[in-house]
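Right, one structure below, let's go through it.
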Amino acid sequence: MYSKTVMDHFMNPRNVGEIENPDGVGEVGNPVCGDIMKIFLKIDDNRITDAKFKTFGCGAAIASSSMATELIKGKSLEDAWEVTNKAVAEALEGLPPIKMHCSVLAEEGIHQAINDYRARRNLAPWEEKAHAHHDEKEDCGCTTCNTG
Amino acid sequence: MYSKTVMDHFMNPRNVGEIENPDGVGEVGNPVCGDIMKIFLKIDDNRITDAKFKTFGCGAAIASSSMATELIKGKSLEDAWEVTNKAVAEALEGLPPIKMHCSVLAEEGIHQAINDYRARRNLAPWEEKAHAHHDEKEDCGCTTCNTG
Amino acid sequence: MEDQKLVYMDHAATTAVHPEVVKAMIPYLHNHFGNPSSIYSIAREAKEAIDSARAKVALSLKTKPDEIFFTSGGTESDNWAIKGVAFANRRRGDHIITSKIEHHAVLHTCQYLEKQGFSVTYLPVDQYGLVDPVELERSITDRTTLVSVMYANNEIGTIEPVKELASITHEYGAYFHTDAVQAVGHMPVPVDGTEIDLLSLSGHKFNGPKGTGALYIRKGVRIDNILHGGAQERNRRAGTENLAGIVGMGKAIELATTGLEEKGARIRAMRDRLISGIQELIPHTRLNGHPSKRLPGNLNISFEFIEGESMLLLLDSFGICASTGSACTSGSLEPSHVLLATGMPAEIAHGSLRLTLDVENTDEEVKYVLRTLPKVVSRLRDMSPLGKQAT
Amino acid sequence: MEDQKLVYMDHAATTAVHPEVVKAMIPYLHNHFGNPSSIYSIAREAKEAIDSARAKVALSLKTKPDEIFFTSGGTESDNWAIKGVAFANRRRGDHIITSKIEHHAVLHTCQYLEKQGFSVTYLPVDQYGLVDPVELERSITDRTTLVSVMYANNEIGTIEPVKELASITHEYGAYFHTDAVQAVGHMPVPVDGTEIDLLSLSGHKFNGPKGTGALYIRKGVRIDNILHGGAQERNRRAGTENLAGIVGMGKAIELATTGLEEKGARIRAMRDRLISGIQELIPHTRLNGHPSKRLPGNLNISFEFIEGESMLLLLDSFGICASTGSACTSGSLEPSHVLLATGMPAEIAHGSLRLTLDVENTDEEVKYVLRTLPKVVSRLRDMSPLGKQAT
Ligand SMILES: Cc1ncc(COP(=O)(O)O)c(C=O)c1O
Ligand SMILES: Cc1ncc(COP(=O)(O)O)c(C=O)c1O
């Protein structure tokens with residue numbers, strides 16, 4: 001059910017771990033729903049010099065965390081902010097529809113981490129856009145979307 | 001689905017044909033229901049000296065005609081009258097429930113032929129008893145029983 | 001039984017599983033046995049095998065795999081289509097139209113719906129068993145939610161004008177279902193370019209295993225589930241998939257629809273020789289069904305003055321497997337509802353014989369039947385109190 | 001995948017067809033392929049094969065063959081039992097009772113009935129997954145027509161007090177159905193001497209083919225048909241019989257119930273070694289289900305701080321086939337409704353692993369799992385943001 005790239009990032013996840021003294025941290029998800037993603041950023045001169053993650057979740061959640069951290073490393077904060085869940089899913093060569101929310105979680109995790117960095121610097125948070133999958137009215141299967 | 005004896009009497013039916021100048025003839029059944037049985041009797045001194053049949057019907061109808069004519073040959077009219085459908089079915093080593101009405105037809109055919117003989121002699125007809133299978137409230141499957 | 005090889009001419013009742021189909025199934029019984037819903041590798045193989053079978057079924061109907069749903073056979077497909085659409089659209093209407101000559105899987109389902117408060121119109125047929133589209137137009141109303149008319153009849157082989165019936169149905173905003181159990185694998189049955197919304201098929205009618213079937217459901221059709229439970233078949237048909245059976249049906253439909261035209265021509269030629277031979281050798285017969293709009297392998301003839309079951313038993317004693325009415329109703333004492341619907345008197349309907357041929361039948365077998373059948377018929381006619389003029 | 005043979009420990013999801021079962025089936029695919037409803041010899045052979053399979057199923061349940069009806073699987077049996085009894089007895093009452101831990105084939109059927117206007121009570125269970133007979137007595141009324149509680153649970157293996165529940169049910173004049181899909185072939189399941197009215201079983205859970213099942217219906221139970229059509233299964237379940245499948249299920253149940261006790265003991269011993277091994281080697285686990293009232297092959301353990309699917313994927317990479325929740329609901333993101341019903345918090349339920357063993361498993365395999373599982377768990381715990389204290 002998973003693409004080769006998803007399996008590769010699940011079996012050999014990149015950037016697992018924590019960053020000591022991170023410049024920004026994001027934590028999204030909910031253990032009740034079966035996934036929590038924690039993203040750690042090291043930021044130098046408005047650029048992400050390191051990114052790490054810790055994830056409790058399914059194969060897609062772990063692969064999305066791995067891919068998302070790969071995608072943002074080296075990017076400016078503005079560019080990293082534009083890494084959408086779709087970009088993560090595409091880089092993974094697709095996710096099953098029911099697992100698309102994992103890529104959304106990754107996008108949200110990055111955004112939270114960046115806004116955490118901004119908050120620490122007393123900057124106003126950047127604004128979240130509506131997630132692609134909510135626009136498309138695709139049923140992502142997650143309880144949150146289904147029940148609310 | 002049929003016993004060996006049924007198949008034997010179907011494949012090699014006894015007493016097929018007509019009797020010229022019979023002493024009694026019975027014809028029962030209905031082509032709409034898929035079976036007609038015609039029984040011919042030769043009667044000498046209150047005794048059945050010959051019996052023949054012609055039947056339009058299923059394997060069980062043919063076997064029942066064959067067995068019934070065998071059973072009554074040589075019997076007095078009183079004894080022949082007592083040959084029930086059950087006796088025919090038992091002599092055939094059983095009939096499927098849905099085919100029990102074929103043995104009833106044979107009993108009725110004999111009764112009609114005997115009463116035809118009595119009518120020719122201006123004797124009052126003997127009275128039909130209710131058929132065993134009607135008493136037992138067993139669903140014989142025939143349209144006549146089912147619809148009325 | 002006399003010393004005679006088996007002549008099987010009852011392919012409309014069921015068929016033997018093709019040896020290549022058996023070969024395709026066996027690995028999915030033992031080696032690749034995973035539950036297609038599980039996530040580990042052997043289960044994924046099972047899932048892929050099902051997807052591939054689905055693609056084959058879709059290809060043969062000229063449609064997309066996501067419109068094919070596997071079932072346990074033609075009966076379940078018919079029940080699902082009819083009950084599923086009737087209940088799901090009950091608010092819009094409670095009227096269903098079918099024909100008098102449907103298989104019992106359709107007729108008894110409709111009778112059940114009548115008990116549940118639906119009203120059902122049973123369209124008449126002409127002497128050939130054809131449904132007249134004008135009759136449909138006369139019966140259909142804006143309360144009608146479903147019209148179900150079979151693609152080809154199982155007893156007399158008549159092919160119905162389903163394309164035309166389907167477009168009339170759509171003009172009135174109802175759904176059109178067709179029971180194509182006898183047609184699929186025996187003639188081209190494309191759903192593309194038609195307005196058919198639902199179509200039933202059954203694996204054992206084209207050398208697939210018994211207990212396999214499928215329902216084509218056009219995307220967007222409003223239909224309830226009939227079996228509730230797990231999320232199989234994209235949440236539409238619960239129950240662990242009949243893995244080997246589905247693989248077998250996929251292979252069978254691929255084989256059946258390969259060279260369909262040529263096979264049909266060969267079968268038709270044998271069938272036609274049988275018909276003319278019988279008509280030449282045996283008096284007092286009637287050919288049932290339509291002279292040209294009929295399934296290539298089907299032959300249905302009534303023999304006056306004799307009864308069908310005794311004919312079958314004698315034929316069986318000569319090694320010939322045939323049928324009178326449909327196999328499902330044997331054991332019943334009613335004459336065929338299909339023949340009665342064509343206007344045939346009950347006493348003649350009782351004496352009908354159905355022979356259904358397939359590619360595996362041979363010219364030898366045709367000749368053997370033509371040698372045997374006249375003997376059987378006259379033996380029974382000699383025993384019959386009806387029609388002395390016969391024989 | 002690493003260089004490692006397959007360790008299949010997901011027998012509750014499905015099983016491989018036993019080689020002897022495959023052997024028994026093959027002749028009924030090709031040689032004896034007749035339609036059991038036809039009257040000629042080859043069809044009679046088919047009919048006899050079905051009768052003999054029916055006798056085997058009846059024997060294993062200690063009941064009479066005429067109370068056994070073949071279906072397309074456990075799901076159809078559950079649907080038939082529940083909808084059939086609910087609709088047939090609707091005038092007497094519209095209340096149905098089941099439990100919160102039933103398989104979706106029961107739960108989703110009950111939810112469908114709620115949409116049709118029935119009212120359904122879902123009995124709670126205790127921490128071990130046991131239904132309390134007192135709860136049944138509290139909920140049952142004279143409007144109740146059916147109580148359906150499973151024989152043994154598919155996820156946690158808990159064996160329910162069905163005998164007791166059935167007699168309470170009869171005191172109130174309702175029918176008792178039990179989904180015994182996980183029990184049959186794995187423990188003795190006699191219906192004689194019990195007040196069970198209906199019982200579902202499924203062939204693929206005891207090394208029979210997928211897509212086969214049966215429903216036991218005690219004589220006299222008032223139940224509607226679910227599939228309408230031909231007169232098969234004594235007019236109770238229409239559709240050409242899955243001949244080879246039925247023959248296979250008959251053989252499979254015979255094999256499964258031979259030496260049941262000894263096989264159960266062997267399986268239980270392996271299972272218990274697994275449980276104690278895991279508990280010894282891995283901290284922060286919880287054993288789910290009942291310590292003694294449980295199916296011999298079932299083991300269900302929750303590992304805190306990690307999620308089930310990723311555990312399965314890693315185990316698969318080591319050649320170990322396992323399950324989290326039931327296979328039918330994989331693809332779902334909800335934690336197991338069974339574990340939630342036992343009072344387990346959702347976040348822990350997400351990390352549950354089900355291993356289900358059978359006689360074909362070996363001590364070697366148990367050891368391999370005990371070597372592999374700790375590695376898998378700690379790898380995932382290392383990645384998890386929860387519970388640093390772990391590993
Ligand atoms: C026209 C038609 N519809 C439905 C069926 C039922 O299909 P199945 O035997 O697969 O249940 C049959 C054959 O039995 C049939 O000929
Ligand atoms: C307890 C239980 N009931 C019902 C079913 C459904 O049976 P089947 O897979 O044969 O449809 C299963 C297994 O899937 C089960 O474990």
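Sequence lines set the chain letters: A, B, ... in the order given, protein chains first and strands last, and positions in each chain run from 1. Predicted model, so just to flag it, every value in this text is computed and none were measured. Keep in mind that the numbers below use all heavy atoms, side chains included, and drop hydrogens, waters and symmetry copies.
- Shown here are the side chain to side chain donor-acceptor pair (under 3.5 Å) partners of D:N361, two or more places apart in sequence or in another chain: D:E365.
- Annotation: side-chain hydrogen bond (donor to acceptor under 3.5 Å, both in side chains) contacts involving residues 22-32 of chain C, sequence neighbours excluded, comprise C:H32-C:E45.
- Each of D:T212, D:N225, D:I320, D:T15 has some count of heavy-atom pairs under 4.5 Å with chain C, and the biggest count is that of D:T15.
- Both tests do not hold together for C:R237 against C:F70: distance to the six-membered ring centre under 6.0 Å, angle to the ring axis within 45°.
- By number of non-hydrogen pairs under 4.5 angstrom with chain C, the leading residue of D:L312, D:V22, D:L29 is D:L29.
- Only the backbone of D:A322 comes within less than 4.5 Å of a heavy atom in chain C; its side chain stays farther off.
- Interface remark: of the candidates D:L315, D:T71, D:I226, D:V21, D:I226 forms the most heavy-atom pairs closer than 4.5 Å to chain C.
- Of all residues in residues 74-84 of chain C, those placing a non-hydrogen atom less than 4.5 angstrom from a non-hydrogen atom of chain D are C:T75, C:E76, C:N79, C:K83.
- Residues C:I96 and C:L113 form a side-chain contact, since some pair of their non-hydrogen atoms from C-beta on lies under 4.5 Å apart.
- Under the rule for a side-chain contact (heavy atoms from CB on, under 4.5 Å), the partners of C:D94 that lie at least two apart in sequence or sit in another chain are C:F118, C:R143.
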>> Let's go through C:R236 and C:D224 carefully: what are the C-alpha distance in whole Å and the side-chain angles of both, what is the deciding distance for salt bridge (Lys or Arg N to Asp or Glu O under 4.0 Å) to 0.1 Å, and is it a yes or a no?
In response: CA-CA 8 Å; C:R236 301 288 275 274; C:D224 279 356; over 6 Å; no
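- Side-chain N/O atoms of D:T356 and D:H11 include no donor and acceptor closer than 3.5 Å.
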